[in-house]
Structure formats: structure tokens, C-alpha cells
Amino acid sequence: MPYFQQFYGLEVICGPMFSGKSEELIRRLRRAQIARQRVQVFKPAIDNRYSQDCIVSHSELSLQARVVNSSAEILDLLDDRVEVVGIDEVQFFDQGIIRVCDKLANLGKRVIVAGLDTDFRGIPFEPVPQLMAIADYVTKTLAVCHRCGAPASRTQRMSATRDRVVVGAVDCYEARCRRCHDPDLPDQLTMSLKDGTTL
Ligand code: ADP
Ligand code: MG
Ligand code: ZN
């Protein structure tokens, strides 16, 4: 069999919720499996929305994944022979994930990560900006604005909380275009609740 040099390095897939990040990650990882490359997939413990041991897309594609509590655990669990490493919901990892991804890419592995580029206020969601900066390839995915149908690059939170991380039901979030995105919406909801009005 002829031997083809495989691509190695860091690929970042980022965008708002519902933009197809997990779909795209699963697509790339499945193709690697079809090419009979050794693949290992990780996701952070915080993302328990659907399944404990799978990454799942809103369109119900899924792929087996190992749940980890920290970036260091990825190195502990990594099989040396693995050629492709996939990580979903990378925004929920500690900053150590930047060094981990860089190290694995430098070891000759293909590292593909997917995550939110901005939070519900539209502010860059660390460590994704740093990962984008050191990546070899960056793919920005767009969703469809829930309000007007335009291409959507922002995530709108629909519940009254300012916590950055609210892993949640799909009905807590909407994809929005720039024009329809309102970073102050959670505050307005809180105020209206204090006024006694309902959502
Ligand atoms: P992400 O990982 O970026 O949150 P997923 O890959 O899980 O996105 O889901 C993408 C799928 O979500 C789309 O293929 C589509 O079936 C569905 N979907 C639901 N709402 C939207 C929306 N507003 N814009 C685009 N896709 C949507
Ligand atoms: Mg996803
Ligand atoms: Zn819109």
C-alpha cells in the first residue's frame, strides 16, 4: 500500500450554538475512522446534556467520547498510538487545554476541537480565542437566526441569569444574527421578574 503523509496540527471549529460545530466535528472524525486512523474523542464533564459517553449534535448525530474533568486528564488517558484527537465543547475546559492541544499537534497528531467562540454577551469565550490563534485551520460555522432567518453568529440567552456557564436545555438559548442579538436580555428579564411580571 502506498503511504500518504497525513495532515497533523490543530483545527478549530467555532461558532454560536446550533451552527453545526458538533456535526462538523463528528463528520471529520468519522472520515478519519473510515481511513482507519486511530481516533480518540473527549468531552468535558460539565456537558451532560444528552449522553454521558457520547458527543451529540442537535441533529442527533453521535460519536463515542470519553468524559474528562480537566485538560490534564486528556494526556493521562491518551493512547500514544492515536493519530486523531477530537474534543467537543472545548470552551468548558481550563486554560491548560491550550498547551495540551499544542503539545499533541507538535507530536504529529491531528487535533480537532469544537466550541463556542463567544458567550451569550458576544464576548470571546476563553480558551477558544487562544486556540484559534495557535491553530493551523480555523472554521467558523454560522447558524440560522431564530428571529429573522439571517446567518447567525451569536448565541442569545433566553433565561434570567448572568452566570457565564448555564449548560442547558435548548429552550434557554437561541441563535441570533448581530442585529437580533441582545447581550442585555438576561438583565432585562431579571428586572421584569422583580417588577412582578412574568416571562
Ligand atoms: P452546535 O454543536 O454548533 O451547537 P449541532 O451540530 O449540535 O450545533 O447542531 C446543528 C443542527 O442543529 C443543524 O444541522 C440543524 O439540524 C439544527 N438546528 C436547530 N436550530 C438551528 C438554527 N437556528 N440554525 C441552524 N441549525 C439549527
Ligand atoms: Mg455542539
Ligand atoms: Zn436576526
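One-based numbering, in listed order, for ligands and for the atoms of each. Residue numbers count from 1 along this sequence.
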Engineer: Please report the interatomic distance CG(Leu131) to CD1(Ile134), rounded to the nearest 0.5 Å.
Structural biologist: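 Rounded to the nearest 0.5 Å, the CG-CD1 separation comes out at 5.5 Å.
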Engineer: Please report the number of protein N, O or S atoms that lie less than 2.8 Å from the Zn ion (ligand 3).
Structural biologist: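 With waters ignored, the protein N/O/S count below 2.8 Å is 4.
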Engineer: Roughly how far apart are Lys21 NZ and Met17 CE, rounded to 0.5 Å?
Structural biologist: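 Going from NZ on Lys21 over to CE on Met17, the span is 7.0 Å.
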Engineer: Would you say Ser57 and ligand 1 have an N/O pair spaced under 3.5 Å apart?
Structural biologist: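 No.
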Engineer: Taking N, O or S atoms only and a limit of 2.8 Å, check whether Ser22 reaches the Mg ion (ligand 2).
Structural biologist: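 Of the N, O and S atoms in Ser22, at least one lies under 2.8 Å from the Mg ion (ligand 2), which means yes.
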Engineer: What is the minimum heavy-atom distance between Glu89 and Pro44, and which atoms define it?
Structural biologist: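 Scanning both residues, the minimum pair turns out to be O-CG, 3.4 Å.
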Engineer: Take Phe120 and His181, measure what ring pair (Phe, Tyr, Trp, His ring centres under 6.0 Å) needs, and give me the verdict at the end.
Structural biologist: CA-CA 9 Å; Phe120 65 96; His181 181 250; 8.4 Å; no
Engineer: Is it the case that the side chains of Ser57 and Ser22 hold a donor-acceptor pair, with the cut-off being a distance below 3.5 Å and no angle test?
Structural biologist: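 No, because no side-chain N or O of Ser22 sits under 3.5 Å from a partner of the opposite role on Ser57.
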Engineer: Is ligand 1 under 4.0 Å from a heavy atom in the side chain of His146, in the backbone, in both, or in neither?
Structural biologist: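 Only the side chain of His146 comes within reach of ligand 1.
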Engineer: Determine, using the 4.5 Å side-chain heavy-atom cutoff (strictly less than), whether Ile98 and Leu10 are members of one ILVMFWY cluster.
Structural biologist: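 Yes, because Ile98 and Leu10 connect within a single hydrophobic cluster, where side-chain heavy atoms sit under 4.5 Å apart.
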Engineer: If you round to the nearest 0.5 Å, how far is CZ of Arg176 from CG of Leu185?
Structural biologist: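 Leu185 CG to Arg176 CZ: 7.0 Å, rounded to 0.5 Å.
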Engineer: Atoms of ligand 1 less than 4.0 Å from Ser19 heavy atoms?
Structural biologist: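 Answer for ligand 1: 1 (P), 3 (O), 8 (O).
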Engineer: Out of Glu23, Glu89, Met17, whose heavy atom is nearest to atom 6 (O) of ligand 1?
Structural biologist: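 Looking at heavy atoms only, Glu23 sits closest to atom 6 (O) of ligand 1.
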Engineer: Mind running ring pair (Phe, Tyr, Trp, His ring centres under 6.0 Å) on Phe18 and Tyr173 for me, showing each step along the way?
Structural biologist: CA-CA 9 Å; Phe18 307 103; Tyr173 295 98; 8.1 Å; no
Engineer: Scan side-chain atoms only and decide if Glu24 and Thr139 contain a donor-acceptor pair under the 3.5 Å cut-off.
Structural biologist: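 No, no side-chain donor-acceptor pair sits under 3.5 Å.
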Engineer: Name the option, out of Cys145, Cys14, Gly20, Ser59, that contains the heavy atom nearest to atom 16 (O) of ligand 1.
Structural biologist: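 Of the listed residues, Ser59 has the closest heavy atom.
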Engineer: Pro16: heavy atom below 4.0 Å from ligand 1, yes or no?
Structural biologist: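 A heavy atom of Pro16 does come that close to ligand 1.
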Engineer: So, is Val144 polar-close to ligand 1, with some N/O to N/O distance under 3.5 Å?
Structural biologist: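 In this structure, Val144 places an N or O atom under 3.5 Å from an N or O of ligand 1.
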